[in-house]
Asker: 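Sending over a structure as structure tokens; questions will come in a sec.
The structure presented is a predicted model; accordingly, all values stated were derived computationally and were not measured.
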Amino acid sequence: MAKQLFPILGTDVPSMLGRGHERDRALQVLCRERPGHLSIVGPALSGKTVLMRHLADHFGAGDEPFTAVIL
């Protein structure tokens, strides 16, 4: 069986492919001097968890003013 481009089953969260606009908008909201509230909503299997995991990895690197990431 061929490897799926977007694996949606299993316990691992796949890496983010695409969604650059959504990622950039979320980073813009979260990296302001006074960060705003961010809600990620969408239908099932639309990539919400993948986007949240990508943002958590970004802030977990320690380059931003956040000290913790909780999903």
Asker: Report all side-chain donor-acceptor pairs from residues 36-48 shorter than 3.5 Å, counting only partners two or more places apart or in another chain.
Answerer:
from	atom 1	to	atom 2	distance (Å)
His37	NE2	Ser39	OG	3.0
Ser46	OG	Pro43	O	2.7
Lys48	NZ	Gly42	O	3.2
Lys48	NZ	Pro43	O	2.9

Asker: I'd like to check the side-chain hydrogen bond (donor to acceptor under 3.5 Å, both in side chains) partners of Glu33; sequence neighbours left out, ordered by chain and number.
Answerer: none

Asker: Just jot down the side-chain hydrogen bond (donor to acceptor under 3.5 Å, both in side chains) partners of Arg23, sequence neighbours excluded, or say none.
Answerer: none

Asker: Got a second to check how far Leu30's CG is from His58's NE2, nearest 0.5 Å?
Answerer: 9.0 Å

Asker: Please round to the nearest 0.5 Å and tell me the distance separating atom CG of Leu51 and atom CZ of Arg25.
Answerer: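 Between atom CG of Leu51 and atom CZ of Arg25 there are 13.0 Å.
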
